[in-house]
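Quick notes on the structure that follows.
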Amino acid sequence: MIASGASAGATMPGYDFGAIESKWQKYWDDNRTFVQPNPGAPDFVDKPKLYVLDMFPYPSGAGLHVGHPEGYTATDIVCRYARMKGYNVLHPMGYDSFGLPAEQYAVEHGVHPARTTDDNIANIERQIKMFGFSYDWSRRLATTDVKYYRWTQWIFLQLFNSWYNPETNSARPIGELVDYLESGQLVLDFFGNAVTPPYGEDVAAVVGTQADTVRFTDLDDDQKRQVIDAQRLAYVDEVPVNWCPALGTVLSNEEVTNEGRSDRGDHPVFRRNLKQWMLRITAYCDRLLDDVDALDWPESVKIMQRNWIGKSQGAEVTFPIDGSDEIIDVYTTRPDTLFGATYMVLAPEHPLVGAITTDDCRPAVRDYVRAAAGKSELERTADAKEKTGCFTGAYAINPVNHEKIPIWVADYVMMGYGTGAIMAVPAHDTRDFEFARKFDLPIVQVVGPPEGVDWQGYVGEGTAINSGKYDGLPTAEFKRQITESLEADGAGRFATNYKLRDWLFSRQRYWGEPFPIINCSKCHSVPLNPGDLPLELPEIDDFSPAVSDDPDAPPSPPLGKVADWLNVLCPTCGGEAKRELNTMPQWAGSCWYYLRYLDPDNDSDFCDPEIEKYWMGPSRENPIGGVDLYIGGAEHAVLHLLYARFWHKVLYDLGHVTSPEPFGKLFNQGMIRSFAYRDPRGVYVGYDDVDLSGDKPVQKSTGAELSESVEKMSKSLKNVVNPDDVIAEYGADTFRLYEMFMGPLDASKPWNTRDIPGMHRFLRRAWRMVAGDEDSDGNVTEPLIGGGRDEDIERELHKLIKKVGEDYDALKFNTAIAALTEFVNAVYRAGSLAVDQAERFLLLLAPMAPHICEELWSILAHEKTLAYEPWPAFDEAMLAVDTIELPVQINGKLRGRITVDADATNDQIIQASKADPKVAAAIEDKEIIKEIVIPNRMVNLVVK
RNA sequence: GCCGGAGUGGCGGAAUUGGCAGACGCGCGGGAUUCAAAAUCCCGUUAUGGCAACAUAGUGUGGGUUCGAGUCCCACCUCCGGCACCA
């Protein structure tokens, strides 16, 4: 019968969402409801595990926008559902709190970034907690915590102290490399800084015959150090960077505008070579590429990862230079077009430019190269419409037909890809074609396109022509044969290239992880001992970097001002030395936070191995292992996910983690956009000045008609929706439900505040159904429970249990809500509901709207939280129906409906169809040529 | 330019993947309740024609496959996201 709480008093409890939500949030907190013990803890119960992760937020001063809770709500539903299904659920939250905005605020206002960060975290955490998410807050972390970044530094040391062994195809301790070199198992190749594996069993013989290889033991100590340092996964190299002298720092490509200026402050940015820390992510190209296939990720993200790595296969071809000993190596994916190479192009930065340019051409080439150097890479591609270039006066010899072809310099060739030089085949490459037309260079056809396609500029595959003995070969076969032939002549070889480059890992900023490195003039980069970590950021008063108008002035990071921090003694030689002044980029902290959640307070290890094994191990749903569900925005489809995968694989190789991949399943929530309004002059108008009551939106203050569009939320468009306001007016449960009801989780959707009352009404109806209500005038609505048990409702409930469970599994929350709404509507029509039916309904709704369900659950005389109640079961037999209604089509057009027994035979169904009056009329004096019965779906009669 | 994704009522979106187009919600219309309003409850709501039963059209455009197409194929248009001289 009805629970005493609902029937006893004269007054019905109303749906006071504000009171209910704070009550239950306090209850969960006080009772540690969602604290999940680790294996090994006394209260740990061995059950299947589920690790559900949100992309942690950057704690910006603006706080949460409505896009954040979309993903957080989805994961929360999955977690609450999984607990009811009997899983141990790991669901943590933290903050990606290093980063530029807090530091920039410090520069401008003198407030320490740590203080800004703490304030912002406090605010954003307050906002997150309003939603009642079931996070295990005992695992909270921030990347700026010393206890956290100590281990970020530790992982950096792992990278520094490792090299990539191509034999084992994995990262190995650097000591193994030293052993191989000292024992002669490995030697040094032509470049002196790389290491080659032995060419044969007898290394000594190889060293003897190959003039270009060197024995490690023949080197002096400094040379040895250089060789070793050049193999580390973290290494220092001089690389081209976006250098902004006014801000005193390098900028990532994302921080540089199309005009080649800094995103912040609009200062000029220069391309410049600087010594920087690099991470050897390129060693992992093939594994990062191959392992993508098996991941349960959106196909679009997998494609983006593959494109970013950008593997291509082709050949390297060596072109001799006419009248010179120099040679030019080019990379091409189309060695089959070699006979059509009518000129060559060097990138402006190519080292041979100076050496081969003739005196006549020197002034023009020098001017061209200098102009190119001043442009950023983005700027170069921005004015890509017009090709530019300059003839060097030199000629190369095409190795296949021995023709003399001119060598040009042009900035459409990039130094960073391939060899920085190309053979140009204008007939079959769009860029070369444009260039050749502009500079009037010869265009020779060597590929026969399909019928009706112009050969000029044809870049597809075809049949070879004008290619000597290769004429008639299809492209693929030609590529193989000519590369083999070049290889035999020593003029070329098969080659593979990647777009992915090593990761520029240092920034000249204060608010980041300091490198655990000491620079000594004698011993160079000396790592700290892991036991000496953490290396804390020193206190500092003035956060401004040294700014300069001189683009060639040396960088001087803020840490350089802290004399008592930076001046140290070298741990190796005891001489005077200085700490590394660069800090790590913001990506560093987010590369491994999912691992620290597992064991956040561990002071002796980044994570206990047993705990790691339990949470990151494979499961039935996630055979690869790693996080079982990772939800976040698509903006991280490439960099964050690629960097994290890279670090994870290094840790995997070194035996620190058990899964080869960090995130088994990934899901991208769609972007929530919102309406933006503009007045007739095109000025954006904020929501408080927009009147939507009429047909057209109108500006309240002026009466002007406004134009409406759907845009990304942004301050400048005045269309940002603040979750605090919505929760204050309707409550967190309504907010959660609304965001889940808007549409598919992965679709981009427009926020429409006018739709929110619909979800709020649904919750009120659910409330009245179970608890009744009394309005301000004292009008009492009795609850529907207690009126008796309706068997049709029971059947509906079993269908609902099945549907909602399936939808939760598939993250289809919008249709789950629709089904729950239909059920409530059906109960209102039926007019009664049994208590046990109400209870099961509440358990179904609880993952999405937990506060109201907890309160109604307690009104139904339950003392404990419903969070760990078993998920309701459904009975297949209850889903079966006696009769079904089938539509009957004539020639594919709906003409009637019949009702038949669920187990009716096809013959019976056809008979019943023909007996239907409307159908009978339609087929009268027609000949039936086909009768189609689709079981449980429909009937189609084809007539003539 | 290349690679993804998407176009369905006034609006957000459903449609067991080839089988009753428009579930559910918003908005709108009507009714009940109310002195009245709000709230609530019930009914209706793709368009056109018709009092109606019903008929015809209909899922971005044009073609095609099929007994049957929102769903599959071909060509195109528009919007969103990503990459962008990658040789």
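All chains are named by letter (A, B, ...) in the order of the sequence lines, taking the proteins before the strands, and each is independently numbered beginning at 1. Everything quoted here is computed from the prediction, not taken from an experiment.
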Minimum-distance nucleotide (side-chain atoms of V942(A) versus rC67(B), rC11(B), rA57(B)) | rC67(B)
Could you check whether N814(A) gets within reach of a base, just the sugar-phosphate, or nothing at all, counting any heavy atom under 4.0 Å?
-> sugar-phosphate
Taking the six-membered ring for Trp and the single ring otherwise, decide whether the centroids of H760(A) and F17(A) are under 6.0 Å apart.
-> yes
Indicate syn or anti for rG7(B), taking the glycosidic torsion and treating anything within 90° of 0 as syn.
-> anti
Could you pick out which residue, T419(A) or M304(A), lies toward the 5' side of RNA chain B when each is mapped onto its nearest nucleotide?
-> M304(A)
With ring centroids as reference points, do F435(A) and Y412(A) lie under 6.0 angstrom apart?
-> yes
Is the base of rU17(B) syn or anti, if syn means a glycosidic angle within 90° of 0?
-> syn
Separation of atom OH in Y738(A) from atom P in rG13(B), rounded to whole Å = 9 Å
Picking from rG19(B), rC24(B), rC83(B), which would you name as closest to the side chain of Q889(A)?
-> rG19(B)
Can you tell me how far P of rC24(B) sits from CG of N825(A), to the nearest Å?
-> 7 Å
Return the value, rounded to whole Å, for the distance between atom OH of Y412(A) and atom P of rA87(B).
-> 13 Å
Toward the 5' end of RNA chain B, which comes first, R829(A) or A747(A), by nearest nucleotide?
-> A747(A)
Give a yes or no on whether the ring-centroid distance for W767(A) and F841(A) is below 6.0 angstrom.
-> no
Between R673(A) and rG12(B), does any side-chain N or O lie under 4.0 Å from OP1 or OP2?
-> no
Write down the distance between CD1 (I756(A)) and P (rG27(B)), rounded to a whole number of angstrom.
-> 12 Å
Any salt bridge between K812(A) and D746(A), counting N to O under 4.0 Å?
-> no
Taking the side chain of M414(A) as heavy atoms from C-beta outward, which of rC67(B), rG12(B), rA87(B) is closest to it?
-> rA87(B)
Under 4.0 Å: is that the gap between some side-chain N or O of Y417(A) and OP1 or OP2 of rA87(B)?
-> yes
Answer yes if the ring centres of W751(A) and F675(A) are under 6.0 angstrom apart, and no otherwise.
-> no
note: F741(A), atom CZ; rG12(B), atom P; distance rounded to Å ~ 13 Å
Taking only side-chain nitrogens and oxygens of R754(A), does any of them come within less than 4.0 Å of OP1 or OP2 of rG25(B)?
-> no
Electrostatic pair E70(A):K749(A) at N-O distance under 4.0 angstrom = yes
Just how far, in rounded Å, is P of rA69(B) from CD1 of I934(A)?
-> 13 Å
Measure from the side chain of P750(A), starting at C-beta and using heavy atoms only, and say which of rG13(B), rC41(B), rA15(B) lies closest.
-> rG13(B)
Minimum-distance nucleotide to P744(A) side chain [options: rU56(B), rG13(B), rG27(B)] = rG13(B)
Nearest-angstrom distance from the residue atom CD of Q305(A) to P of rC83(B) = 13 Å
Do any side-chain nitrogens or oxygens of K893(A) fall under 4.0 Å of OP1 or OP2 in rA57(B)?
-> yes
Confirm from the modelled atom types if N940(A) and rC67(B) form a donor-acceptor pair under 3.5 Å, side chain to base only.
-> yes
Side-chain contact check for A818(A): nearest option of rC24(B), rC41(B), rC26(B) is rC24(B)
R768(A) has its side chain closest, among rA23(B), rG4(B), rU40(B), to rU40(B)
